[in-house]
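Reviewing the structure listed below.
For ligands, and for the atoms within them, numbers begin at 1 and follow the listed sequence.
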Amino acid sequence: MPSSSLTPFNRLLLTGAAGGLGKVLRDSLQPYAQVLRLSDISEMAPARSAHEEIQRCDLADKQAVHALVEGVDMILHFGGVSVERPFEEILGANISGVFHIYEAARRHGVKRVIFASSNHVIGFYGQDQVIDAHAPRRPDSYYGLSKSYGEDMASFYFDRYGIETVSLRIGSSFAEPLNHRMLDTWLSYDDLTRLVERALYAPDVGHTVVYGVSANQTVWWDNRLAAHLDYQPQDSSEAFRAQVEHQPLPATDDPARRYQGGAFAASGPFGDH
Ligand code: NAI
Ligand code: 15L
């Protein structure tokens, strides 16, 4: 899939490498780097060649993150808590963790971060609305709030230190769409790789926010403000419509059908701790 004219980077860091998308990117990013440094708090499969480095790291551990980032050209930051949880469980990985990543990037001269943000930063918009990256954020969860904070961190580190970021507001990136909502939010694994390729190679991105979604028949997100990335999705959820439509359609007042963030918009409260 990579264009033959693209020069591989010397060393790229991928956090969250043990996760669902991390495993996909571990394979699909191989052509883009001489060495891929793979990191997660969880165990990962051993290095398969001299082109892979494995470094376990808790994103909440500042010194460990600083050691992790040394010597890399760019960071693909996919690690962290990826679903709604009580705030205290999100704090270390997603709030402290994103600060540690940017501060380490500054100290070690890293020029660009690709940040796995989420549709849950705008999850309280209705499924009948179409928004672009300038729409005020409406986080639907503590998780969404942590991603919103990550986008602010990205903005600050560009304005203050010139470190570029592409914030990927990923919809639903799974092997196939799992429910009615995902017919609109689905991002295929191949389109994820296409998007990451453009985020790595597009010049002068500043802090760009782009919605990570395939070329589905209906979408809620307008990517014209990220046109300079030249992301061209090739896949569509239509191929899965028949199998998804076998599922009962949620009621019109069900958050799964009402809000862009779906069920995340109805999560919590988590009670007293
Ligand atoms: P995942 O939960 O499978 O992977 C996340 C990885 O982060 C896990 O392997 C986990 O061990 C690691 N992690 C958690 N806490 C950590 C810590 N303290 N230190 C180091 N690593 C830690 O999630 P998935 O689906 O692979 O998503 C990857 C990224 O993309 C996440 O940041 C998620 O929020 C974001 N995203 C994913 C979407 C999707 O549809 N898959 C949609 C929107 C955003
Ligand atoms: C996300 O941000 C989550 O990481 C993922 O597990 C899905 O829930 C996705 O959003 C979604 O909205 O479908």
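- Looking at atom 10 (O) of ligand 2, its nearest protein heavy atom turns out to be H120 NE2, 3.1 Å.
- Of the protein's non-hydrogen atoms, S173 N, 3.6 Å is the one closest to atom 39 (C) of ligand 1.
- Side chains of S167 and S117: no donor on one and acceptor on the other come within 3.5 Å.
- When hydrogens are left out, the protein atom nearest atom 31 (C) of ligand 1 is F78 O, 3.2 Å; that is the closest non-hydrogen contact.
- An N or O contact shorter than 3.5 Å links S82 to ligand 1 by distance.
- Compare F264, F174, F78 by their heavy atoms: the one nearest to atom 6 (O) of ligand 2 is in F174.
- In this structure, G171 has a heavy atom closer than 4.0 Å to ligand 1.
- When hydrogens are left out, the protein atom nearest atom 11 (O) of ligand 1 is D40 OD1, 2.6 Å; that is the closest non-hydrogen contact.
- Nearest to atom 13 (O) of ligand 2 among the protein's heavy atoms is S172 OG, 2.6 Å.
- Residue D58 places at least one N or O, backbone or side chain, under 3.5 Å from an N or O of ligand 1.
- Nearest heavy-atom pair across R241 and L183 is NH1-CD1, 3.5 Å.
- Ligand 1 has no N or O atom lying under 3.5 Å from any N or O atom of F174, backbone or side chain.
- Distances shorter than 4.0 angstrom do not occur between any heavy atom of G212 and any atom of ligand 1.
- What sits closest to atom 3 (C) of ligand 2 on the protein, heavy atoms only, is S82 O, 3.1 Å.
- Protein heavy atom in closest approach to atom 9 (C) of ligand 2: G171 O, 3.3 Å.
- Ring pair Y211/W221 is parallel by interplanar angle, where below 30° counts as parallel and above 60° as perpendicular.
- Taking any N or O of A93, backbone or side chain, none lies under 3.5 Å from an N or O belonging to ligand 1.
- A cation-pi geometry, defined here as NZ or CZ lying under 6.0 Å from the six-membered ring centre and within 45° of its normal, does not hold between R198 and Y231.
- S172 counts as a contact of ligand 1, since one of its heavy atoms falls under 4.0 Å from the ligand.
- With hydrogens left out, the protein atom closest to atom 22 (C) of ligand 1 is I41 CG2, 3.5 Å, a heavy atom.
- Closest protein heavy atom to atom 37 (C) of ligand 1: L21 CD1, 3.9 Å.
- With hydrogens left out, the protein atom closest to atom 4 (O) of ligand 1 is G19 CA, 3.4 Å, a heavy atom.
- Using a 4.0 Å cutoff on heavy atoms, K147 counts as a contact of ligand 1.
- The heavy atom nearest to atom 14 (C) of ligand 1, considering only S39, G80, A17, is found in G80.
- Between A60, C57, S146, it is C57 that holds the heavy atom closest to atom 20 (C) of ligand 1.
- Hydrophobic clustering, with ILVMFWY side chains joined whenever heavy atoms are under 4.5 angstrom apart, groups F9 together with L25.
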